[in-house]
Amino acid sequence: MASIIVMSGKNKGDYYPLGRRTTVIGRDEALLIQILDDGVSRKHVQIHFDKESGKYFALDMKSKNGVFVNNRKIDNETTLMDGDQIRIGQTVLFFTQKDFPNREDAMSHFKKVGQRVNITKTIEGPG
């Protein structure tokens, strides 16, 4: 199963296992994953699992400010890969194919991956 870890914003550090259900992420308080960000629509992005392919997909739910996967605006359903960064409003979400028994293990994994990302940016140069 997969997970979402909030990388930035007011919800930074939040961890959500996705399971195999469809998950809607947005500002609406009735959602399983509520993001407190003025740039996020009430129902901003949908993430769903396709049983046939075994993959997760992201879909912009006609949000005002769009959905960006790895800094690319998505217009159609987009396949998510391990390590993808999803930006909605000013909040960045980290998608991983891994499932964790608890928040602490998820954050430990995220910190290790984050260090690799920072090292790569430093070696390649800023930006």
Side-chain angles (χ1 to χ4, degrees):
M1 291 195 289
S3 304
I4 290 285
I5 301 169
V6 183
M7 296 174 61
S8 68
K10 293 179 183 178
N11 297 81
K12 183 177 180 177
D14 286 358
Y15 156 70
Y16 302 95
L18 293 174
R20 303 212 185 267
R21 65 189 175 275
T22 296
T23 302
V24 176
I25 302 171
R27 208 175 65 239
D28 192 321
E29 62 186 39
L31 298 176
L32 288 174
I33 303 180
Q34 180 190 27
I35 300 298
L36 303 173
D37 179 328
D38 291 338
V40 172
S41 298
R42 285 180 43 246
K43 293 182 178 176
H44 201 105
V45 62
Q46 177 187 88
I47 297 178
H48 72 93
F49 178 76
D50 179 67
K51 291 178 187 176
E52 285 186 32
S53 68
K55 296 180 180 181
Y56 286 84
F57 295 87
L59 178 66
D60 187 344
M61 298 185 72
K62 300 180 182 173
S63 65
K64 181 179 177 184
N65 296 314
V67 175
F68 297 80
V69 175
N70 299 326
N71 291 320
R72 289 193 139 136
K73 188 174 195 280
I74 64 170
D75 296 316
N76 302 308
E77 189 173 73
T78 301
T79 304
L80 293 173
M81 306 298 285
D82 191 52
D84 279 350
Q85 294 182 20
I86 306 163
R87 182 169 49 86
I88 57 174
Q90 297 301 310
T91 301
V92 178
L93 311 172
F94 177 78
F95 174 83
T96 179
Q97 293 280 3
K98 295 176 178 31
D99 191 26
F100 304 95
N102 54 50
R103 181 186 178 281
E104 290 73 27
D105 286 354
M107 293 310 296
S108 176
H109 171 76
F110 170 67
K111 287 178 184 174
K112 288 177 188 171
V113 171
Q115 288 172 351
R116 286 199 304 265
V117 170
N118 286 337
I119 289 169
T120 302
K121 284 185 177 180
T122 303
I123 292 170
E124 292 176 357

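Hydrogens, waters and symmetry mates play no part in the numbers below; they use all other heavy atoms, side chains included.
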Nearest heavy-atom neighbours spanning S3 and P17 = OG-CA, 4.1 Å
Please report the interatomic distance [atom1]([X]) to [atom2]([Y]), rounded to the nearest 0.5 Å.
| X | Y | atom1 | atom2 | answer |
| --- | --- | --- | --- | --- |
| L18 | Q97 | CG | CD | 9.5 Å |
| T78 | N70 | OG1 | CG | 10.5 Å |
| N11 | L36 | CG | CG | 4.5 Å |
| I47 | R21 | CD1 | CZ | 11.0 Å |
| M7 | R87 | CE | CZ | 12.0 Å |

query = So, does D84 use its side chain to make a donor-acceptor pair with the main chain of F95 at under 3.5 Å?
reply = no
key: Donor-acceptor pair, side chain of S41 and main chain of G39, under 3.5 angstrom   = no
Which donor-acceptor pairs under 3.5 Å do the side chains of residues 22-35 make with protein atoms, sequence neighbours left out?
unit_1 : atom_1 : unit_2 : atom_2 : d
R27    : NH1    : V40    : O      : 2.4
D28    : OD1    : A30    : N      : 2.8
Q34    : NE2    : R27    : O      : 3.0

ask   = Hey, quick one: are M81 and I88 part of the same hydrophobic cluster, counting side-chain heavy atoms closer than 4.5 Å, chains of contacts allowed?
value = no
Partner set under side chain to side chain contact (heavy atoms under 4.5 Å, CB included) for Q90, not counting sequence neighbours = D37
query = Linking Ile, Leu, Val, Met, Phe, Trp and Tyr by side-chain heavy atoms under 4.5 Å, what else ends up with F68?
reply = none
query = Which residue pairs satisfy the side chain to side chain donor-acceptor pair (under 3.5 Å) criterion with at least one member in residues 56-69, sequence neighbours excluded?
reply = H44-S63, D60-S63
task = Go through the structure and list residues passing ring pair (Phe, Tyr, Trp, His ring centres under 6.0 Å) with F57, not counting sequence neighbours.
result = H48
